[in-house]
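For reference, the structure is listed below as C-alpha cells.
Any value given below was found using the heavy atoms of this structure, including those in side chains, with hydrogens, waters and symmetry copies removed. Letters go in sequence order (proteins before strands), and every chain restarts at 1.
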There are 2 protein chains.
Amino acid sequence: MKSTGSLDTVGNREYGQYCGLARAAEVIGQRWTLLILRDLLVAPRRYSELVAGLPGIPTNLLATRLRELEADGLIRREARSGADRAIVYRPTARGSALIPTLDALSLWGAAELRTPRDGEIVTTAALVTGLRVAARSNVGPDPAIAFGCTVRIGEAVVHAVVENGDVLVAPGAHPEPDLQITGGAGFRDFLAGVTDPGAAAADGSIEVQGDPALLHQFVAIFQVPYSNWVPRTVPA
Amino acid sequence: MKSTGSLDTVGNREYGQYCGLARAAEVIGQRWTLLILRDLLVAPRRYSELVAGLPGIPTNLLATRLRELEADGLIRREARSGADRAIVYRPTARGSALIPTLDALSLWGAAELRTPRDGEIVTTAALVTGLRVAARSNVGPDPAIAFGCTVRIGEAVVHAVVENGDVLVAPGAHPEPDLQITGGAGFRDFLAGVTDPGAAAADGSIEVQGDPALLHQFVAIFQVPYSNWVPRTVPA
DNA sequence: CGGGATCCCCCGAGATACTG
DNA sequence: CAGTATCTCGGGGGATCCCG
C-alpha cells in the first residue's frame with residue numbers, strides 16, 4: 001500500500017537553490033496553498049469551512065496541504081475538547097508573518113482584475129482580503145471620518161468599520177450600517193474609479209442604501225486602480 | 001469524451017475566484033516562474049543565460065514560461081538587430097511592479113533558510129536579490145558610511161556599494177573593494193548574527209580581506225535574522 | 001552555437017466514492 | 001464531520017533532437 005505520503009521525497013517541490021525566494025516558492029508556491037492561507041488568515045477555520053470557501057479544491061489535496069502547512073510550522077491543528085469536538089486550523093506566528101507578503105501579492109493581482117471570467121465567484125475571504133489590502137494601500141482615512149458599512153457581492157457578505165483613521169474589515173454584515181452596498185461585476189469598475197459613485201448608483205451597477213454622500217468616502221478609502229495592462233492580442 | 005470534463009471546471013491554472021491573490025497565484029505561481037522573474041529583475045537576460053542561472057530547469061519549460069510571461073505582459077522579448085543578434089528578455093513596467101512583492105517573498109523565505117540542503121547552490125541572482133532585500137529590510141545605513149565590497153559565495157560573485165545612506169547591489173566583483181568577503185555555508189550564520197563577525201573571520205567560516213572594522217557595518221546593513229522556527233520532528 | 005521543439009515517463013492534481 | 005482511497009489525466013522533469 002502506498003505510504004500516506006507524509007515523507008514523500010520532495011524532489012519535485014524543491015529548486016536546489018539556497019535562496020529566500022526559492023524557499024518561499026517551495027513552501028507557499030504549491031497549488032491552492034495561498035488561498036488556504038488567505039482563508040485561515042481571515043479567521044481560523046475548520047476543514048468543512050475551508051472546503052466551502054474554496055470551491056473546486058479536491059478534498060485529498062486540502063488534507064495534504066494542511067498537513068504540509070502544519071509540518072512547515074505555518075498553521076496549527078487545534079483539536080477542541082468538550083462538547084464541540086471540532087478541529088480548527090489556526091495560523092502560527094510564523095504563518096501570520098506572511099500577511100505583508102500576501103498583501104503585496106493581493107495588491108499586485110488586484111490591479112490585474114478586470115471583468116470576471118465565466119464562472120468566477122467572489123468568496124467572503126476574498127472580499128475581506130481585497131478590501132483590507134486596498135485600504136492599506138491608500139493613505140489612511142481622515143480621523144474625523146467614522147462609519148460602518150456592509151458590502152455584498154454575490155454570496156459574499158462583509159462589513160467594514162472606519163474610525164480614528166483606521167479601517168477594519170471582517171466577514172458578515174454590520175449590525176447597524178450607515179451604508180450598504182450591493183453589487184455584481186460592476187463593483188470593480190466602481191472601486192477603480194472608472195464609474196463615478198453617483199453614476200454607478202444611478203445606472204444600477206451597484207445598489208446603495210444609506211447615506212449616498214458616504215459613497216465618495218468609501219471609494220477614496222478602498223480604491224484599487226487598474227494596472228495599465230495591455231491586451232495581448234493586438235488587432236492586426 | 002471526458003464525461004465530467006465539460007462541466008467547465010476551472011482550467012488547470014485557474015482557481016475560479018475573482019480575487020487579487022488568486023490572480024497573482026495564477027500568473028506567478030507556476031513552477032519556476034518566480035525564479036525566472038528574479039533573474040530578469042536583476043538584469044535583462046538571454047535564454048542561455050537564464051538556463052545557466054537556473055540549474056535543473058527543463059528547456060521546454062523555460063520556453064513555455066517565457067511565452068506565458070510575455071503574454072501576461074510581464075516581460076518583453078527584444079530581438080536586437082546588428083552584429084549581436086541576440087534575443088533579450090526584459091521586464092516591462094508591469095513586471096517591475098512585482099519587485100516589492102518578490103522582496104516580501106524573499107524576506108519571508110530568507111528567514112526560513114538554515115543549513116543548505118545537500119546540493120543547494122547559491123546563484124549570482126539569488127545573492128544579489130538576497131543582499132538587496134536584506135538591506136532594504138533594515139534601517140538605512142548612516143549617510144556618513146561609504147564603502148564598496150565584493151562578496152563571493154560559491155560560484156556567485158556580487159558587489160555592493162554603500163554611500164549616502166543608500167545601498168546598491170549588483171552582479172560581479174567590485175573594481176576597488178574596501179572589503180572582500182568569501183564564504184561558504186557559514187555565511188548565513190554570519191549574516192544572522194549567530195557568529196560574531198570577528199569570530200567568523202577568525203574561525204574560517206568566512207574569509208575577509210580589507211578593513212576588518214567594516215565587517216560590523218556590513219552585518220548591521222545586511223543582517224537577516226533567522227525566524228524562530230521550530231523543527232517539525234520533535235524528539236520523543 | 002543560440003534558441004528552442006519533441007519525446008517519454010512519472011508525479012502531482014482533479015474527481016469522486018467511501019469510511020471511521 | 002473530517003478526512004482516505006482510488007482512478008485518471010495533464011503538467012513537469014529529463015534527455016535528445018532540430019533549425020536558422
If the threshold is 4.0 Å, N to carboxylate O, is there a salt bridge linking B:Arg65 and B:Glu68? yes
In this structure, how many angstroms lie between the P atom of D:dA2 and the CD atom of A:Glu78, rounded? 14 Å
Would you kindly give the OH-to-C1' distance between B:Tyr15 and C:dG14, to the nearest whole Å? 13 Å
Under 4.0 Å between a side-chain nitrogen and a carboxylate oxygen: does that hold for B:Glu207 and B:Arg152? no
Could you check which of D:dG3, D:dC1, C:dG4 has an atom nearest any side-chain atom of B:Arg77? C:dG4
Please tell me which of the listed nucleotides, D:dA2, D:dG14, D:dT4, lies nearest to the side chain of B:Pro58? D:dG14
Can you find an N or O donor on one side and an acceptor on the other, under 3.5 Å apart, linking the side chain of B:Thr59 with the base of C:dA5? yes
Any B:Tyr89 side-chain N or O less than 4.0 Å from OP1/OP2 of C:dG2: no
d(OH, B:Tyr47; P, D:dC19) in whole Å: 16 Å
Nearest-nucleotide check on DNA chain C, B:Arg46 vs B:Arg67; residue mapping nearer the 5' end is B:Arg46
Is A:Glu14 paired with B:Arg117 through a side-chain N to carboxylate O contact shorter than 4.0 Å? yes
Within the structure shown, what part of the strands sits under 4.0 Å from A:Ser48 by heavy-atom distance: base, sugar-phosphate, or nothing? sugar-phosphate
Separation of D:dA2 atom P from A:Glu70 atom CD, nearest Å, is 15 Å
Choosing from D:dG13, C:dG3, C:dA13, which nucleotide comes nearest the side chain of B:Arg31? D:dG13
Considering only side-chain heavy atoms of B:Ala86, which listed nucleotide, D:dG12, D:dT4, C:dG3, is closest? C:dG3
May I ask you to decide whether B:Arg132 forms a salt bridge with B:Asp166, counting only side-chain N to carboxylate O separations under 4.0 Å? no
Distance to the ring centre below 6.0 angstrom and angle to the axis at most 45 degrees; does that hold for B:Arg77 and B:Tyr89? no
Can you check the A:Trp32 CH2 to C:dG14 P distance for me, whole Å? 7 Å
Find the distance A:Ile36:CD1 to D:dG3:C1' and express it as a whole number of Å. 14 Å
Tell me what B:Ile87 touches on the nucleic acid: a base, only sugar-phosphate, or nothing, going by heavy atoms under 4.0 Å. sugar-phosphate
Tell me: CD1 of A:Ile57 to P of D:dG3, nearest whole Å? 13 Å
For the side chain of A:Arg65, counting heavy atoms from C-beta on, which of D:dC1, C:dA13, C:dG3 is nearest? C:dA13
Against the side chain of A:Asn60, the closest entry in D:dA2, D:dT6, C:dA13 is D:dT6
In whole angstroms, how far is the P atom of C:dG14 from the CD atom of B:Glu14? 12 Å
